[in-house]
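Values reported hereafter were calculated over all heavy atoms of this structure, with side chains retained and with hydrogens, waters and symmetry mates removed. The shown structure was predicted, so the numbers you read here are calculated from the model rather than taken from an experiment.
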Amino acid sequence: MVSPARSRLRRKARYTALVLAALSLLALPPAPGARVALVDTTPPVVTYSVDGIEGTNDWYRGSVGGNYIVLHWSVSDPESPIISTTGCEPAIQINGPNTGTRRTCSATSDGGTTTVTTRLLKIDATPPATTAAPSRPPNGAGWYRAPLSVGWSGTDATSGIASCSATVSYAGPDTTGTSETGSCTDNAGNSSSDTFVVRYDTVAPTTVATPSRPPNGAGWYRAPVSIDWVGSDATSGLAACSATLAYAGPDTTGTSETGSCTDNAGNSSSDTFVVRYDTTPPNTAATPSRPPNGAGWYRAPLSISWGGTDATSGIDSCSATVGLGGPDTQGATRSGTCTDRAGNSSGDSLVVRYDATAPTGVTAAAGRAPDHDGWYNHPVAIGWSGSDA
């Protein structure tokens, strides 16, 4: 494009030449009937313009019609006709992408030749490719449980990347999905963006150890039981829990079984279930309130109570004490039980022989007849006999 200053100098020189020529002609006596011929001493004026969207750094971002610009040449000479032109088409479409091209227009008139070359015409109408990338992989299943940062990078095959959004850090709050968006801009001023969705969960799930059934008694089990671990997580959801555990012994006053649950972000929590297990019945004994009167027989009222021992869960209860005061019997069985805290039971019995009735038909008799007149004059044995039912 011809600069305004240069154009003004050319016009001034042209006008000066015209004035001098006119003065010289006025100084000479014209020949009768002669005509004065004007001389063009300045070359054509050549300018250009560009239809396009101006970007940055002397780039064009195409035009409203697409990825191209249109170069327009203007050639004029007010003093003489244009004799010839080269490369001076009125509208020249230059397609993009284009890292730089120059076009030249040369025009000739009676005043000479003017050649103008455009500046470097660069076209980039394509936005860069922008990619959002986290600083590290997720902890699990696309979830993060610790701080991370998100950065943006870009590529541009034509004008190159000028800048990208600054890196951002994320450290909470917990979220099922927070969008972080950034962009990159190329040297022509085109931009594009990309979004990274942060799924963030720093809270461990709730884990509960759950037995397959209630205990048999007072928190004790006397038969096999299984334990499951179940959990819940409000944000990322559960990924897995410990496998079911079966317990079938040995007897124990307390065995801790621990399991855990993990959420999709990798957070874990645990819970412990204490198994108190007793499958062994207690030792039960029936005990009379006093020893028998003789030969294992009772002749007066007594009471019988039941007591027990249990090495694991302990005694929970035993049968109530019972009293016995008749009737007479050669053997009455009294039975009772004791139960431990796990619900195991055992029993014991006591056979009571009871006789409160005196014998009958007691008779005394000498072992021989008297010696004389009902008298004994030397030792004699005397015996007694009776009956008892």
* Under a single-linkage definition using a 4.5 Å side-chain heavy-atom cutoff for Ile, Leu, Val, Met, Phe, Trp and Tyr, are V203 and W229 assigned to the same hydrophobic cluster? -> no

* Structure fact -> Heavy-atom nearest pair, T258 first then S270, reads CG2-CB, 4.1 Å

* Structure fact -> In terms of heavy-atom contacts, A366 and V380 come closest through CB-CG2, 4.1 Å

* To do: Might you confirm whether atom CZ of R222 has over 12 heavy atoms from other residues, nucleotides or ligands at distances under 6.0 Å?
  => yes

* Can you measure from CD (E257) to OH (Y247) and round to the nearest 0.5 angstrom? => 7.0 Å

* What distance do N344 atom CG and S313 atom OG have between them, rounded to the nearest 0.5 Å? -> 6.5 Å

* Does the side chain of T175 reach to within under 4.5 Å of the side chain of R199, using non-hydrogen atoms? -> no

* Say whether V150 and Y170 are linked into one hydrophobic cluster, either directly or through other cluster members, by side-chain heavy-atom distances under 4.5 angstrom. => yes

* Residue pair N67 / I123, side-chain heavy-atom distance below 4.5 Å -> yes

* Checking D156 side chain against D186 main chain: does a donor-acceptor pair fall under 3.5 Å? -> no

* To do: Search all heavy atoms of P127 against all heavy atoms of S191 and return the closest pair with its distance.
  => CB-O, 3.5 Å

* **OG on S260 to CG on N267, rounded to 0.5 Å** => 12.0 Å

* To do: Decide yes or no on side chain to side chain contact (heavy atoms under 4.5 Å, CB included) for R103 and I94, but give the supporting numbers first.
  => CA-CA 10 Å; R103 298 298 175 92; I94 303 173; 4.0 Å; yes

* To do: Kindly compute the distance separating CG (D316) from CG (D340), expressed to the nearest 0.5 Å.
  => 8.0 Å

* Single-linkage hydrophobic cluster V50~V116, side-chain heavy atoms < 4.5 angstrom -> yes

* Asked: So, do W59 and L120 sit near enough that their side-chain heavy atoms are less than 4.5 Å apart?
  -> no

* Taking the side chain as every heavy atom from C-beta outward, state whether I82 and S109 have any pair of such atoms under 4.5 Å apart. => yes

* Hey, mind stepping through D233 and D201 against side chain to side chain contact (heavy atoms under 4.5 Å, CB included) and telling me if it holds? -> CA-CA 10 Å; D233 190 89; D201 184 4; 3.0 Å; yes

* Asked: Stepwise, does the side chain to side chain contact (heavy atoms under 4.5 Å, CB included) test hold for Y60 with E54?
  -> CA-CA 5 Å; Y60 286 97; E54 292 191 7; 3.7 Å; yes

* Are any of the side-chain heavy atoms of V198 and F196 separated by less than 4.5 Å? -> yes

* Looking only at heavy atoms, which two atoms of S256 and T272 are closest? And how far apart? -> CB-CG2, 3.6 Å

* Asked: Do the side chains of L121 and I69 get nearer than 4.5 Å, heavy atoms only?
  -> yes

* Given the rule that I, L, V, M, F, W and Y join up when any side-chain heavy atoms are under 4.5 Å apart, are I92 and Y48 in one cluster? -> yes

* Taking all non-hydrogen atoms of both residues, which atom of C184 and which atom of G154 are closest, and how far apart? -> SG-N, 3.6 Å

* Could you walk me through whether S317 and T339 pass the side chain to side chain donor-acceptor pair (under 3.5 Å) check? -> CA-CA 5 Å; S317 63; T339 303; 4.5 Å; no

* Look at the side chain of T284 and the backbone N and O of D348, then say whether any donor-acceptor pair between them is shorter than 3.5 Å. => no

* Say whether W306 and I315 are linked into one hydrophobic cluster, either directly or through other cluster members, by side-chain heavy-atom distances under 4.5 angstrom. => no

* Quick one: OG on S289 to CD1 on I304, what's the gap to the nearest 0.5 Å? -> 8.0 Å

* Please step through side chain to side chain contact (heavy atoms under 4.5 Å, CB included) for the pair D40 and D77, ending with a clear verdict. => CA-CA 9 Å; D40 183 3; D77 192 323; 3.3 Å; yes

* Contact summary for S346 and P281, nearest pair of heavy atoms -> CB-CB, 4.1 Å

* Asked: What residues, two or more places apart in sequence or in another chain, satisfy side-chain contact (heavy atoms from CB on, under 4.5 Å) together with Q93?
  -> Y68, N95

* Structure fact -> Interatomic distance, CD1@I161 vs CG@N187, rounded to 0.5 Å, equals 8.0 Å

Name each donor-acceptor pair under 3.5 Å that joins a side chain in residues 291-302 to protein atoms two or more places apart or in another chain, with its distance.
from, atom 1, to, atom 2, distance (Å)
N293, OD1, R290, NH1, 3.4
N293, OD1, R299, N, 2.7
Y298, OH, R290, O, 3.0

